[in-house]
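Down below is the structure, laid out as C-alpha cells.
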Amino acid sequence: MAAQMYGSNEIQRLQRIFQRAYSDAKYPQITTHYTVIPRETDSRWKDVNLERYVDETDILIVGGGPGGLSAAIQARRLAEKHGKELRVTLVEKASTIGGHILSGACLDPVALNELFPNWKELGAPLNTPVTEDKFAFLTEKKRISIPIFKGMPMYNHGNYIVRLGHVVAWLGEQAEAAGVEIYPGYAAAEVLYHEDGSVKGVATNDVGIAKDGSPKDTFERGMELHAKCTIFAEGCHGHLTKQLSKKLNLRKDCEPQTYGIGLKEVWEIEPSKHKPGAVEHTVGWPLNRNTYGGSFLYHLNEETPLVAVGFVVGLDYTNPYLSPFKEFQRFKQHPSIRPTFEGGKRIAYGARALVEGGFQSIPKLQFPGGCLIGCTAGFLNVPKIKGTHNAMKSGMLAAESVIEAIIDAENNIPPTKGLEPKTYTDKIRNSWIYKELKAVRNMRPSFHSSLGLYGGLTYSGFS
Ligand SMILES: Cc1cc2nc3c(=O)[nH]c(=O)nc-3n(C[C@H](O)[C@H](O)[C@H](O)COP(=O)(O)OP(=O)(O)OC[C@H]3O[C@@H](n4cnc5c(N)ncnc54)[C@H](O)[C@@H]3O)c2cc1C
C-alpha cells in the first residue's frame, strides 16, 4: 500500500527521517520496560534488591478459569486417593476467582457431571436449563429461521445457561474446600527453567513500577514458585504459553492458531419479554458472507430478568474498516432483535479473544515440567462457541497424568528435574474432547471456500 502511495526513493527518505528522529537523544524513549532496556544497564535500578523469594510446591497451576480449577480439584482428590500429601497451588491474575471471566454462557455439563456428579446438591449455580433453541439467518430487514436438529452445533437441549463468572467462583470454593492453595491477584509473568531445560515453575509479576519503567517506593519483587509439574491454564492466547511455545517449539507440527473476538453484554430487560431458558443464534447481517461470525442471545433465569447477548467476529476479516464492536451494535438494531432490548438496561459488558484454529491448531500439549490445558491449548469447539467443558475435562486429564508422573518419579529416576506428564497427550486423544474437535474440524475452514458463509452452512447441515 505504501509503495502505491510513494515511490521507493520517497519511502527511503521517510525511513531516514524516522531513524534520525528515534536515534536522537532529545526525543524521549517510548518505553523503558526491562524487556527493552535490561535492568542491569539501567542506572535507576542500580541499588534495588532484585532477589526473589522462592516457594516450593508439588503441582502448580497458572490460571483460575474452569480448566485450571478443575485440574486443581482433581489433583487434590487423586493425591488423597493415593495417600499422598501433595501441595497444589494455583495463581490467578484477577483479584477474585471468576473476576476475569466473561459472564453469560451456555454450558455443556458433561465435564461438570464427571467432576461433581452431585453438583445440584452442592449448589452449583446452574439455574437455567435450555428449553428453547432457535437459529436464524438475518438479512438487513428479514429473518429466515433455520431448523436445528440433534447433533448440530446449535442444538443446546441438555445444556444450561449460566453466568460463567458465578460458576467459576463456585469452582473456586470447591477447590479451596479440597485443599488447593489459591492466590488471586498474582499474575505469572515469567516461565522458569531448570538447567536441563525442563520447566521449573513461574515467577509472579513485580509491582510498584512507574509508567516510565523506574521503580517506585512501593516496588515489590515478584516471587518464584517452583513445582514438580506446572499446568498452564491461561485461556486464549496465554502470555506464558507464548513464551513456552517459542522456547520449546510447541507449534512446530500444527497449523498456526487463529483468533476471533467475542463481545458480550448482559441486559436487564422488561419482564414481559423474558423467556428463561431460550437460546437464539444468528448468522448473516450485519456481516457479509465472507466474514466469519454471528450472534448469541441467552435468557437467564436469575432473580431479575436477564439476557446475555453477544457477537463473535473472526479476526481474519478482510475489510480493514470493519469494527466488530459497531457490527454488534448494528446487530441489536435488527427488527427481530431490537424489541427484546427496548425498555431494558445494559448492566455489564466486556470482550475477549477466542481461539478459532480448532483441531488442526492443537500444539504439542506436554513437555518436561508441564502441560497445556483448556483454551490456551486451543480446545474451543468453534461452531458451538463452547470451550468450558473441554477446558474442565482437559484439566481433569492433566491432573491424572501429573499425579501418575509424580508417583512414577518416586520409583524411577526421572529423565528431567521438571516432570513430564507423559500420558497426557494420549489421554486427550482417547477422550471425547478429541472426537468432538475432530468432528467439527472443517467447519471453520469451509467458510474460506468461494461460497463463504453459505459453504459453511451447507457443510454444517451435511455434517
Ligand atoms: C464471547 C465468548 C463467548 C463464549 N461463550 C461460551 C459459551 O457459551 N459456552 C462455553 O462453554 N464457552 C464459551 N466461551 C469459551 C469459554 O469462555 C472458554 O472456553 C473457557 O473459559 C476456557 O476456560 P480456560 O480455563 O481454558 O480459560 P479462561 O476461562 O480464559 O481462564 C483463564 C484464567 O487464567 C487467568 N490467567 C491468564 N493468564 C494468567 C497468568 N499469566 N497468570 C495468572 N492468571 C492468568 C485469567 O485471568 C483467567 O481467569 C466463550 C468465549 C467468549 C470469548
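Just follow the structure's listing: the first ligand is 1, and inside any ligand the first atom is 1.
In summary, the side chains of N156 and K134 do not present any donor paired with an acceptor at a separation below 3.5 Å, with no hydrogens or angles considered. One side chain, Q329 or K332, offers a donor N or O that lies under 3.5 Å from an acceptor on the other. T423 and E404 are linked by a side-chain donor-acceptor pair at a separation below 3.5 angstrom, with hydrogens and angles left out of the test.
Nearest protein heavy-atom contact of atom 7 (C) of ligand 1 is I385 O, 3.2 Å. Closest to atom 2 (C) of ligand 1 among all protein heavy atoms lies K264 CE, 3.7 Å. Among protein heavy atoms, atom 17 (O) of ligand 1 sits closest to L164 CD2, 3.9 Å. Regarding atom 43 (C) of ligand 1, its nearest protein heavy-atom neighbour is K93 N, 3.3 Å. Among protein heavy atoms, the minimum distance from atom 30 (O) of ligand 1 is reached at R352 NH2, 2.3 Å. Given atom 15 (C) of ligand 1, the protein heavy atom at minimum distance is L380 CD1, 3.6 Å. Of all protein heavy atoms, the one closest to atom 37 (C) of ligand 1 is E234 O, 3.2 Å. Ranking the protein heavy atoms by distance from atom 9 (N) of ligand 1 puts C106 O, 2.8 Å first.
Heavy atoms of L107 found under 4.0 angstrom from ligand 1: none, in either backbone or side chain. Residue Y298 touches ligand 1 through its side chain alone, judged by heavy-atom distances below 4.0 Å. With a 4.0 Å heavy-atom cut-off, ligand 1 is reached by no atom of V168. With a 4.0 Å heavy-atom cut-off, ligand 1 is reached by the side chain of I101 but not by its N, CA, C or O. The parts of P66 lying near ligand 1 are both backbone and side chain, judged by heavy-atom distances below 4.0 Å. Contact annotation for A233 and ligand 1: only backbone heavy atoms (N, CA, C, O) come within less than 4.0 Å of the ligand. Only the side chain of L354 comes within 4.0 Å of ligand 1, counting heavy atoms alone; its backbone N, CA, C and O stay farther away. With a heavy-atom cut-off of 4.0 Å, H100 touches ligand 1 through its side chain alone.
The minimum heavy-atom distance linking A377 with P363 is given by the pair O-CD, 3.2 Å.
Of the possible polar contacts, one joining the S394 side chain to the N390 backbone as a donor-acceptor pair under 3.5 Å is found. Here the side chain of K264 pairs a donor or acceptor atom with the backbone of L102 at under 3.5 angstrom. At distances below 3.5 Å, not a single donor-acceptor pair connects side-chain atoms of T416 with backbone N or O atoms of L419. Side-chain atoms of E234 do not come within 3.5 Å of backbone N or O of T376 as any donor-acceptor pair. A donor-acceptor distance shorter than 3.5 angstrom exists from the side chain of R77 to the backbone of L115, with no hydrogens or angles considered.
Two rings, from F116 and W170, have their centers less than 6.0 Å apart.
Near Y186, meaning under 4.0 Å from one of its heavy atoms, ligand 1 places the atoms 43 (C). Those atoms of ligand 1 with a heavy atom of A187 less than 4.0 angstrom away are 42 (N), 43 (C). Per-residue contacts place G374 under 4.0 angstrom from the following atoms of ligand 1 (heavy atoms of the residue considered): 26 (O). Within ligand 1, the atoms closer than 4.0 Å to a non-hydrogen atom of T388 are 10 (C), 11 (O), 12 (N), 16 (C), 19 (O), numbered from 1 in the order shown. Close contacts between ligand 1 and G65 involve ligand atoms 25 (O), 31 (O), 33 (C) [criterion: under 4.0 Å to a heavy atom]. Counting atoms of ligand 1 from 1 in the listed order, those under 4.0 Å from a heavy atom of A391 are 22 (C), 23 (O), 24 (P), 26 (O). Close contacts of ligand 1 with G64, meaning ligand atoms under 4.0 Å from a residue heavy atom, involve 33 (C), 34 (O). Ligand 1 places these atoms under 4.0 Å from at least one heavy atom of V91: 43 (C), 44 (N).
Distances from atom 26 (O) of ligand 1 to the heavy atoms of G185, G310, G67, C375 put C375 nearest. Heavy-atom proximity to atom 40 (C) of ligand 1, evaluated over A188, G165, G238, is greatest for A188.
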- Message: Using the rule given for ring pair (Phe, Tyr, Trp, His ring centres under 6.0 Å), can you reason through W119 versus Y160, listing the C-alpha separation, both sets of side-chain angles and the distance that settles it, and then say yes or no?
- Response: CA-CA 13 Å; W119 57 261; Y160 288 79; 5.4 Å; yes
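In terms of polar-atom proximity, defined here as any N/O pair under 3.5 Å, H239 makes no such contact with ligand 1. Checked against a 3.5 angstrom limit, the closest N/O atoms of T376 and ligand 1 fall outside it. The N/O atoms of G387, backbone and side chain alike, include one that comes under 3.5 Å of an N/O atom in ligand 1.
Checked against Q366 for a side-chain hydrogen bond (donor to acceptor under 3.5 Å, both in side chains), the options E420, K422, K427 give a single hit: E420. When each of N49, D206, T204, N205 is paired with R221, the side-chain hydrogen bond (donor to acceptor under 3.5 Å, both in side chains) condition holds for D206 and for no other.
Using bins of under 30°, 30° to 60° and over 60° for the plane-to-plane angle, the ring pair H281/F296 lands in the tilted bin.
The ring-ring contact (aromatic ring centres under 6.0 Å, His included) check on F328 picks up nothing, with sequence neighbours excluded.
Using a 4.0 Å heavy-atom cutoff, E92 is listed among the residues neighbouring ligand 1.
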Only distances under 3.5 Å count here; give the side-chain donor-acceptor pairs of residues 300-318 to other protein atoms, sequence neighbours excluded, each with its distance to 0.1 Å.
from : atom 1 : to   : atom 2 : distance (Å)
D316 : OD1    : R444 : NH2    : 3.1
D316 : OD2    : R444 : NH2    : 3.1
D316 : OD2    : H448 : NE2    : 2.9

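A cation-pi geometry, defined here as NZ or CZ lying under 6.0 Å from the six-membered ring centre and within 45° of its normal, holds between K247 and Y193.
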